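Report on one structure; see the data block that follows.
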Amino acid sequence: MKKRRTAEPYKIKAVEPLNMLSREEREQALKRAGYNTFLLDSEDVYIDLLTDSGTSAMSDQQWGALMVGDEAYAGSKSWYRLRDAVQEIYGYQYVLPTHQGRGAENLLSQLMIKEGDYIPGNMYFTTTRAHQELNGGTFVDVIIDEAHDSSAELDFKGDIDLTKLQKLIDDVGAERIPYVCLAVTVNMAGGQPVSMANMREVYELCQRYGISVFYDATRCVENAYFIKEREEGYQDQSIRNILKEMFSYSDGCTMSGKKDALVNIGGFLAMNDEELYIRSRELVVVYEGMPTYGGMAGRDMEAMAQGIYEAADDHFIEHRIHQVRYLGDQLIEAGIPVVRPIGGHAIFLDAKAFLPHIPQDQFPAQALAGALYLDSGVRGMERGIVSAGRNKETGENNKPKLEMVRLTIPRRVYTNNHMDVVADSVIELFEKRDQITGLQMEYEPPTLRFFNARFSPLVESKTLI
Ligand SMILES: Cc1ncc(COP(=O)(O)O)c(C=O)c1O
Ligand SMILES: N[C@@H](Cc1ccc(O)cc1)C(=O)O
C-alpha cells in the first residue's frame with residue numbers, strides 16, 4: 001500500500017509577499033554585492049536560503065509571549081521562564097542568556113582557554129574557531145575522516161574519532177585541553193548528526209582525563225531526531241527524552257537560539273559546574289548585560305522559552321527534517337552532486353563535483369552561489385575555501401576538502417512548492433554548468449572574510465553564467 005502522506009503540523013496565519021526581480025536586475029544586484037550573496041539586499045532575493053539562523057517563523061504562542069515579556073533590568077520574570085525551559089528540556093543546572101550563540105562562545109572561550117591550549121572538535125565552525133583562536137587556542141579537528149568525503153553514506157557522519165582524540169591527548173597532554181567542543185549537528189559537514197553512543201564514549205574518555213565536554217547545541221533537536229530515526233533502541237523514545245540523555249554526556253553547552261529554539265535572536269551558555277557559573281556571571285556583565293537578561297530583551301527571552309518547548313515537539317521536528325530531505329531527494333534523483341546523506345538544516349551542493357573546470361582558488365562554490373542567484377533569485381551561501389579563511393601560522397589559504405554551496409532551509413517558513421522551484425533551478429543550472437566561470441577576490445577582510453569579501457568574474461564582460 002502507498003505510504004500515507006503527512007503535512008505541515010501548523011497552518012499559516014500571516015503571510016509575507018515575495019518579490020522577484022528580472023534577470024537584468026539580478027545581474028545588477030549581484031554586481032553591487034561584489035558577487036557575495038551575504039552582501040545582497042533581502043529585497044533583491046526571491047527565496048532566501050542563506051541561513052536557517054534567526055529566520056524561523058514564530059508561532060502565535062511566541063508572538064503572544066512577546067507581549068508578556070518583562071523588561072525589568074534585573075530579575076525579569078521572562079528570564080526565569082527561559083531558565084526553567086533550559087533546565088527542563090536540556091537538563092543543565094546553570095544558564096546565562098547571551099545575545100546570540102557567539103556571545104556564549106566568547107564567554108566560554110575566555111573562561112576556559114589559555115594561550116597554547118588545544119580545543120578538539122568535530123569539524124570547525126567559523127565563529128567558534130575564531131573565539132578559540134582569539135583566546136590563544138588552537139582548534140584540532142577530530143571528526144571521523146568520512147565527514148570530509150561528501151559521498152560517504154554514514155548514519156552518524158558527525159561522530160568524533162576517538163583514536164584521533166586519544167592521540168591528541170597523548171601528544172599534547174590533557175592539561176593543554178580545556179574542553180572538547182562537540183557540535184550537534186555538524187554544520188560545516190552538511191548538518192550531519194552525532195550518535196548517542198559517540199557522545200557517551202567521548203564523555204567517558206574525557207572524564208578519565210579530567211577534560212570537560214561542551215556541546216555546541218545549536219541544532220540539537222535535529223540531532224535528536226536523527227538518533228530517534230537511526231540509532232538502535234531510540235525509535236520509541238520521545239525527542240525530549242533523547243535530548244535529556246544527549247546533554248547528560250556533557251558539562252555544558254553554548255547555544256544559538258536562532259536555530260533550534262525558533263527565535264530571531266538570542267542564545268545562552270549553560271553548565272553544571274557552580275564555580276564556572278560564578279565566573280561566567282562575572283564576565284557576562286562585561287560583554288552582554290546582567291545575568292538575568294544577558295543581551296536579550298525580556299520579550300525575546302519569553303519567545304525563546306516558548307520556542308524551546310515547541311522545537312522539542314516530535315511532530316515539528318519530523319516535518320522539519322523531512323522538508324529538507326524533500327528537496328535533497330529531488331536533487332539526488334536528478335544526479336546533482338550533494339553531500340550525502342542529507343543533513344538536518346540544509347542541502348550542500350558539492351561545488352567541486354558540480355564545477356570540475358573551476359580550480360579551488362577560483363572559488364567554485366562562491367561562483368555557483370552567484371550563478372544560482374542569477375538563475376532564479378535563490379540565495380545560498382558559500383561554504384568552502386572562502387569560509388575556511390587562512391592558516392593562522394602560515395597565512396596560506398586553508399583548502400578544505402569540502403567546497404560547497406549551502407541551501408539552508410528556514411524553519412516553518414517555506415512550503416514544498418518553494419522547494420520545487422529551488423530544485424528546478426539547481427537542476428537547470430547543472431545542465432549548463434560548463435558555462436559557469438570562476439571568480440577573483442577583490443577585497444579580503446582579515447577575520448571571518450566570507451561575510452564581507454568582494455569578488456569579480458575572472459572573465460571580464462561575463463556574469464558567471
Ligand atoms: C554550529 C554553529 N555554532 C555557532 C553559531 C553561532 O551562533 P550565532 O549566529 O547565534 O552567533 C552558529 C551560527 O552562527 C552555528 O551554526
Ligand atoms: N550560524 C549561522 C549564521 C552564520 C553563517 C555563517 C557563518 O560562518 C557564521 C554564522 C549559519 O550557519 O547560517
Side-chain angles (χ1 to χ4, degrees), residues 36-40 42 48-56 96-109 119 121-134 139 141 143 147 158 181-194 214-223 253-270 287-288 294-296 300 304 307 324 343-348 365-366 369 379-389 398 400 402 404-411 413 445 447-453:
N36 183 351
T37 52
F38 272 105
L39 300 178
L40 284 167
S42 84
D48 202 348
L49 306 186
L50 182 72
T51 178
D52 62 331
S53 182
T55 52
S56 297
L96 281 164
T98 58
H99 71 285
Q100 57 183 75
R102 68 198 76 177
E105 291 171 349
N106 173 36
L107 299 178
L108 182 69
S109 304
I119 304 93
N122 49 348
M123 204 175 273
Y124 84 101
F125 187 69
T126 54
T127 57
T128 321
R129 188 180 65 187
H131 282 295
Q132 292 165 354
E133 289 177 351
L134 283 170
F139 164 79
D141 189 6
I143 201 167
C181 177
L182 181 71
V184 288
T185 59
V186 187
N187 190 347
M188 301 297 273
Q192 302 296 334
V194 181
F214 275 84
Y215 287 175
D216 176 341
T218 296
R219 295 182 181 83
C220 57
V221 187
E222 290 169 7
N223 201 106
C253 79
T254 56
M255 177 71 181
S256 169
K258 301 170 73 173
K259 286 84 164 177
D260 271 355
L262 295 170
V263 282
N264 306 121
I265 194 73
F268 60 81
L269 172 65
Y287 291 98
E288 305 281 334
M296 270 192 278
D300 291 333
M304 186 150 118
V324 176
H345 66 305
I347 309 302
F348 287 72
Q366 193 76 42
R379 164 155 74 172
M381 174 195 294
E382 194 268 4
R383 292 282 81 173
I385 187 167
V386 184
S387 298
N398 291 318
L402 296 177
M404 307 180 293
V405 172
R406 192 182 75 176
L407 304 176
T408 337
I409 318 299
R411 295 164 185 80
V413 171
T447 11
L448 300 175
R449 64 183 182 179
F450 52 90
F451 281 129
N452 287 306

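Every number for a ligand or one of its atoms is a count from 1 in the order of the listing. Source: prediction; values computed, not measured.
- In this structure, Met188 falls outside the shell of residues with a heavy atom less than 4.0 angstrom from ligand 1.
- Near Lys258, meaning under 4.0 Å from any of its heavy atoms, are these atoms of ligand 1: 10 (O).
- Atom NE2 of residue His131 and atom CG of residue Leu107 lie 9.0 Å apart, to the nearest 0.5 angstrom.
- At a heavy-atom distance under 4.0 Å, atoms from both the backbone and the side chain of Arg102 approach ligand 1.
- Proximity of Arg219 to ligand 2 is established by a heavy-atom distance of less than 4.0 Å.
- With Thr127 as the partner, the side-chain hydrogen bond (donor to acceptor under 3.5 Å, both in side chains) test is satisfied by one option alone out of Arg102, Glu105, Gln132: Glu105.
- When the heavy-atom distances from atom 7 (O) of ligand 1 to Ser53, Gly257, Ser256 are ranked, the shortest goes to Ser256.
- Annotation: atom 5 (C) of ligand 1 to nearest protein heavy atom, Phe125 CE2, 3.6 Å.
- Heavy-atom contacts of Lys259 reach the following atoms of ligand 2: 1 (N), 2 (C) (cutoff under 4.0 Å).
- Set against the non-hydrogen atoms of Thr51, the atoms of ligand 2 under 4.0 Å away are 2 (C), 11 (C), 13 (O).
- When non-hydrogen atoms are compared, ligand 2 lies under 4.0 Å from the side chain of Arg383 (C-beta onward) but not from its backbone.
- With a heavy-atom cut-off of 4.0 Å, Arg406 touches ligand 2 through its side chain alone.
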Inset, instruction - Using the side-chain contact (heavy atoms from CB on, under 4.5 Å) rule, take His99 and Tyr287 through it: C-alpha gap first, then chi angles, then the decisive distance, then the call. - result: CA-CA 10 Å; His99 71 285; Tyr287 291 98; over 6 Å; no
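- Only the side chain of Asn187 comes within contact range of ligand 2, with a heavy atom under 4.0 Å; no backbone atom does.
- Listed by number with element, the atoms of ligand 2 under 4.0 angstrom from any heavy atom of Phe451 are 7 (C), 9 (C), 10 (C).
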Inset, instruction - Determine, step by step, whether Asn36 and Glu382 satisfy the side-chain contact (heavy atoms from CB on, under 4.5 Å) criterion, reporting the C-alpha distance in whole Å, the side-chain angles of both residues, the deciding distance to 0.1 Å, and the verdict. - result: CA-CA 8 Å; Asn36 183 351; Glu382 194 268 4; over 6 Å; no
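- The two residues Ile119 and Cys181 have their closest heavy-atom pair at CG2-CB, 4.1 Å.
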Legend entry - Worked verdict on Asp48 versus Arg379 for salt bridge (charged side-chain N to carboxylate O under 4.0 Å, His left out): CA-CA 5 Å; Asp48 202 348; Arg379 164 155 74 172; 2.8 Å; yes
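- Looking from atom 4 (C) of ligand 1 to the surrounding protein, the closest heavy atom is Glu105 OE2, 3.0 Å.
- Taking CG from Leu402 and CD1 from Ile385, the interatomic distance works out to 13.0 Å, rounded to the nearest 0.5 Å.
- At a 3.5 angstrom cut-off on N or O pairs, Ser53 does not count as close to ligand 2.
- Of the protein's heavy atoms, Thr127 OG1, 3.6 Å lies nearest to atom 6 (C) of ligand 1.
- Between the side chain of Asp141 and the backbone N or O of Met123, at least one donor-acceptor pair lies under 3.5 Å.
- Atom 1 (C) of ligand 1 has Asp216 OD2, 3.4 Å as its closest protein atom, hydrogens excluded (heavy atom only).
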Inset, instruction - May I have the step-by-step check of side-chain contact (heavy atoms from CB on, under 4.5 Å) for Arg129 and Leu448, ending in yes or no? - result: CA-CA 10 Å; Arg129 188 180 65 187; Leu448 300 175; over 6 Å; no
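- Atoms of ligand 1 lying under 4.0 Å from at least one heavy atom of Asn187, given by number and element, are 1 (C), 15 (C), 16 (O).
- Considering OG1 of Thr128 and CE of Met188, their distance stands at 10.0 Å, rounded to 0.5 Å.
- Ring geometry, Tyr124 versus Phe139: the interplanar angle exceeds 60°, so the pair is classed perpendicular (tilted spans 30 to 60°).
- Nearest protein neighbour of atom 5 (C) of ligand 2, counting heavy atoms only, is Met381 CE, 3.7 Å.
- When Tyr124, Phe125, Phe38, Phe450 are ranked by how near their heavy atoms come to atom 4 (C) of ligand 2, first place goes to Phe125.
- No donor-acceptor pair under 3.5 Å is formed between the side chain of Asp52 and the backbone N or O of Lys259.
- Residue contacts with ligand 2, taken as heavy atom pairs separated by less than 4.0 Å, do not involve Arg449 at all.
- Below 3.5 Å of separation, one finds an N or O of Gln100 facing an N or O of ligand 1.
- When heavy-atom distances to ligand 2 are checked against a 4.0 Å cut-off, Arg102 comes that close only through its side chain, counted from C-beta outward.
- Considering only non-hydrogen protein atoms, atom 13 (C) of ligand 1 sits nearest to Lys259 NZ, 2.6 Å.
- Each of the atoms 1 (C), 15 (C), 16 (O) of ligand 1 lies under 4.0 Å from some heavy atom of Arg219.
- Put simply, the side chain of Ser256 never gets that close to the backbone of Thr218: no donor and acceptor are under 3.5 Å apart.
- Here's the thing with Thr127: none of its N/O atoms is less than 3.5 angstrom from an N/O atom of ligand 2.
- Atom OG1 of Thr55 and atom CG of Leu262 lie 10.5 Å apart (nearest 0.5 Å).
- Smallest separation of non-hydrogen atoms from Gln100 and Ile265: OE1-CD1, 3.5 Å.
- Look at Lys258 and you'll find every heavy atom at least 4.0 Å from all atoms of ligand 2.
- From the protein, the heavy atom lying nearest to atom 9 (C) of ligand 2 is Thr126 OG1, 3.3 Å.
- Rounded to the nearest 0.5 angstrom, Ile347 CD1 and Arg406 CZ are separated by 11.5 Å.
- Of the N or O atoms in Gly101, one or more lie within a sub-3.5 Å distance of an N or O in ligand 1.
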